[in-house]
Amino acid sequence: MTAPVAATAPPSTSSGSLLSKLEIDSRMIGMLAALAVIWIGFDVLSGGVFLTPRNLWNLSVQTASVAIMSTGMVLIIVTRNIDLSVGAILGVVGMIIGVVQVQWLPAYLGFESWLTAPIAVLVAITVGGLIGLFQGWLIAYLAIPSFIVTLGGLLVWRGAAWWVTAGQTIAPMDTRFKAFGGGVEGALGATATWIIAALACGAIVVALGLSRRRRVRFGFPVRPGWADAVIAAIACGAVLGAAAVMNAYPMPTGTARAWAEARGIAWPSGGLFIPQGVALPVLIAVVVGLVMTFLATRLRFGRYVFAIGGNPEAAELSGINTRWTLMKVFGLMGVLCGIAACISTARLNAATNAAGTLDELYVIASAVIGGTSLAGGVGTVAGAMLGALVMQSLQSGMVLLGVDTPLQNIVVGAVLVLAVWVDGVYRRRIK
Amino acid sequence: MIQEGSMIQEGSMATDIAAPVQRTPLVEMRDISIAFGGIKAVDGVTVDLRPGEVVGLLGHNGAGKSTLIKILSGAYRPDSGEIYVNGEKADISMPRDAKKYGIETIYQTLALADNIDAAGNIFLGREVRTPFGTLDDATMEAETRKVMARLNPHFRRFKEPVKALSGGQRQSVAIARAIYFNARVLIMDEPTAALGPAETKQVADLVLQLKKEGIGIFLISHDIHDVFGLADRVSVMKNGKLVGSANVSDVTQDEVLGMIILGKCPPGATPGPGAG
């Protein structure tokens, strides 16, 4: 019997709406629409302050840490588990790297050595990863429910964070390390931002082209050519637009003057417009998002993670080493907590044992708002990062409007419940 | 890695329909026992299977059929007993081991990951990868289109998670996964329980075709009409023990019913330890 593969040469998906032609996830569109409503709403309420380059730049930096952790939380929830300890892991890792760069390393390298920052990051990733792997081992091999292991972890690691210095705050951080927090040291400037944006656009076009060529070669149905072009145009437009916004936010006058003086540039009477460009933590978050998407969709590891979430027994019967896969997922979560710890410690320019308090809730909420199903098996990295942006937009918008903290919490909590309800209704509708 | 060409070597073995008794069994499970919490789910059971033969495994719910079969497919480890493949002792302690010996299983529950598409399920645990180590989804989809074209020519929903498929379509995906990798022994656990008449007929045709190609099939069912139409031999279990085995031609359906319900072994059958 011959397979009709050659016979079914590229029939483009004939009828259907515009969205189905573009093969864009309609839930993603819904989230973007929700984000647009939130942004425009706050902009109107705040009298045009929300949608300024300055606020959007700050928003991007504030989102980075939670967004990074939410990419790992997606995989954990996809495997039908939960991690309540991420904020506490961030706290203890932050304290450890604070001690490492302020108390230990200067004894060997002297203050402000160029090695301090890389070593601190390495320590953060290693410690975070080991904590995650240990918790993953308890969950996967000793079969203790992840809710319990990480609830215990929340208390243990938060306590450990206090223990590192008996509660003392450690400051200030190494100058180079501070770049991870954004701010003046961590803004890449206009030129680098445009270069990165251009490279990203190139990558988008090449990736779309390659995937199209591959499908044509195998004789699979492909999107119509114009649809691919539209997608490329939208994606590149978004990238360039984001770069333009980041570059439209100048350094504050004082910092700019210091920057100019350090480079021997005369300070003109009208001041200097020095664009900040994209902040390093934001760039790290984007790279983490890309890497995690790659892990989740292009590698066997990701396929196994989703298979375990879809049907653990089937995964086991297929010969997948489900325990080791699960342990790796938690290890990965720990690594991401380590990266997030670098960002929030650098941003605060201090290591405190309270860093990351309640972050577990924001991270879980981001993943869930981003379409990750608590029943397991469903979720995307991009959705979770978008969810983080929605959460942070709400919070930062309310700060801008001067809403009291208790009311902020009430709103965020209500939005979380509402989002999950709407998502549930939507899912039932499309079935 | 996947083998080139069709997943079933046509006519690679003699197609002797009348059970060729002299040949070395493809699989032999000897004196298998397993207990869960003090209850002997399988107690000293011996069954065998020859190339091109269909053996029906019968018994009530809870008789131990599925447990016995899960031992062969590597899901459970027996407490005692041995498994021989082609006359040689086989060490099967994980599902992966069973697949290494060419033993594939279609589970009653189908064991599909509902959130993944057909190709992802068929290649689950045996993914094709590019030289860079990434998933070669295009090749897997192309192979899936080939094998599905044979099992279910109208199947078009390659991009959807199998959750969205009908019962028959899901069944074809599960069958495709079992036969794609050159299975020599196929275990079918209640393959028609969830199917309509047309789809049941389709499965029956497939069983006969695979049998002709020299594949040995264990057919598990509680419906003896199903089994009588397809099997060469039957083995009946009751309360974890083997009541007996018989050539289908040597016993009547009523006698086999007696084996299942009363554990009574008729003269035409070889009695096992469970015969009462």
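So you know, we letter chains A, B, ... as the sequences are listed, proteins then strands, and number each from 1.
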Notebook entry, point to check: Do any N or O atoms from the side chain of A:N311 and from the backbone of B:A111 form a donor-acceptor pair under 3.5 angstrom?
Noted result: no
Note to self: Strictly below 4.0 Å, N to O, side chains only: are A:R298 and B:D136 in salt-bridge contact?
What the structure shows: no
Item checked: When B:L110, B:L112, B:D114 are compared by non-hydrogen pairs under 4.5 Å with chain A, the top option -> B:L112
Notebook entry, point to check: Side chains of B:E127 and A:Y304: closer than 4.5 Å at any heavy-atom pair?
Noted result: yes
Note to self: More than 12 heavy atoms of other residues, nucleotides or ligands under 6.0 Å from CG of A:L210: yes or no?
What the structure shows: yes
Next item on the list: Kindly indicate whether the side chain of A:L299, heavy atoms from C-beta on, has any atom under 4.5 Å from the side chain of B:L135.
Entry: no
Next item on the list: Examine whether an atom of A:T297 lies under 4.5 Å from a heavy atom of chain B, and if so say whether it belongs to the side chain, the backbone or both; otherwise answer neither.
Entry: backbone
Checklist line | Closest-packed option against chain B by number of heavy-atom pairs under 4.5 Å, given A:G309, A:G310, A:S211 | finding: A:G310
Check: Using a cut-off of under 4.5 Å for heavy-atom pairs, which of A:R300, A:R214, A:E316 has the most such pairs with chain B?
Finding: A:R300
Note to self: Heavy-atom cut-off 4.5 Å, strictly under: side chain, backbone, both or neither for A:F294 against chain B?
What the structure shows: side chain
Next item on the list: Step by step, work out the side-chain contact (heavy atoms from CB on, under 4.5 Å) result for B:R126 and A:S318.
Entry: CA-CA 8 Å; B:R126 295 183 278 204; A:S318 302; over 6 Å; no
Item checked: B:R145 side chain near A:F220 side chain, heavy-atom distance below 4.5 Å -> yes
